[in-house]
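One structure is given below, encoded as structure tokens.
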Amino acid sequence: MKEATIKIAGKEVKVAYCYATEILFSDYTGQEFSEFIKEAVVDKNTQSSSKKVLYAILSAIIAYSQSKNEDAVVVDNDIMFNAQPREIIDAFTTIISLYNDWYQLPKQVAKKAEKKKGAKGKN
């Protein structure tokens with residue numbers, strides 16, 4: 001499991017990337033996380049779904065919380081209604097970085113995600 005701390009909806013939250021993150025994301029969206037990453041980061045002709053970005057972040061939050069037998073500090077409504085655009089961009093970039101670390105991928109994928117998300121501005 002790879003871990004990091006993000007700030008989302010005004011709260012500092014621990015996130016994790018592991019198989020639980022992938023399973024949760026698939027349960028929420030019906031899509032494999034690796035397919036979403038390809039769509040969101042690699043394919044420049046596709047705009048990422050706001051819902052899938054939200055559930056990528058939430059999946060990482062819940063994966064960490066479940067690994068510690070704790071309740072999640074942030075839920076989907078917190079992200080939808082209280083998170084600032086910059087927090088969402090930074091959180092998603094962190095999740096991409098954890099994904100890269102988990103699978104030992106080159107750091108360029110995370111940099112592409114940051115550039116793509118940063119260029120769009122608000123979701």
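FYI, the numbering just counts along the sequence from 1. Note that the structure is predicted; figures quoted are calculated from it, not measured.
I23 and W102 are not part of a single hydrophobic cluster, where members link through side-chain heavy atoms under 4.5 Å apart. V75 and F92 are not part of a single hydrophobic cluster, where members link through side-chain heavy atoms under 4.5 Å apart. Both L98 and Y103 belong to a common hydrophobic cluster when Ile, Leu, Val, Met, Phe, Trp and Tyr are linked at side-chain heavy-atom distances under 4.5 angstrom. Under the 4.5 Å side-chain heavy-atom criterion for ILVMFWY residues, no single connected hydrophobic cluster contains both I62 and M1. Residue Y64 is not grouped with residue I95 when hydrophobic side chains (ILVMFWY) are merged at heavy-atom distances under 4.5 angstrom, including chains of intermediate members.
K52 approaches F36 most closely through the heavy-atom pair CB-CE1, 3.5 Å. Heavy atoms only, all atoms of each residue included: I61 and V74 are closest at CG2-O, 3.9 Å. Here the closest heavy-atom approach between residue A63 and residue L24 is recorded as N-CD1, 3.7 Å. Taking all atoms of both residues into account, the shortest heavy-atom contact from S26 to E32 is OG-OE2, 3.9 Å.
The backbone N or O of A16 lies less than 3.5 Å from a partner atom in the side chain of T21, making a donor-acceptor pair. Without hydrogens or angle criteria, T93 side chain to I89 main chain gives a donor-acceptor distance under 3.5 Å. At least one donor-acceptor pair under 3.5 Å links the side chain of S59 to the backbone N or O of Y55.
By the side chain to side chain donor-acceptor pair (under 3.5 Å) test, K2 is found to be paired with no residue, residues two or more places apart in sequence or in another chain being considered.
Note that the OG1 atom of T94 and the CD1 atom of I57 stand 9.0 Å from one another [nearest 0.5 Å]. For the atom pair D76 CG and L58 CG, the distance stands at 6.0 Å (nearest 0.5 Å). In this structure, CD1 on I8 lies 12.0 Å from CD on E12, to the nearest 0.5 angstrom. Summarising the geometry, atom NZ belonging to K14 is positioned 11.5 Å from atom CD1 belonging to I6; distances are rounded to the nearest 0.5 Å. For the atom pair S97 OG and D101 CG, the distance stands at 4.5 Å (nearest 0.5 Å).
The local environment of CG in D27 is crowded, with over 12 non-hydrogen atoms from other residues, nucleotides or ligands closer than 6.0 Å.
Inter-residue side-chain proximity for I37 and I96 is flagged as met; some heavy-atom pair is nearer than 4.5 Å. Residues K7 and D90 form no side-chain contact, since every pair of their non-hydrogen atoms from C-beta on lies 4.5 Å or further apart.
Checked against the 6.0 Å centroid threshold, Y17 and F33 count as a close aromatic pair.
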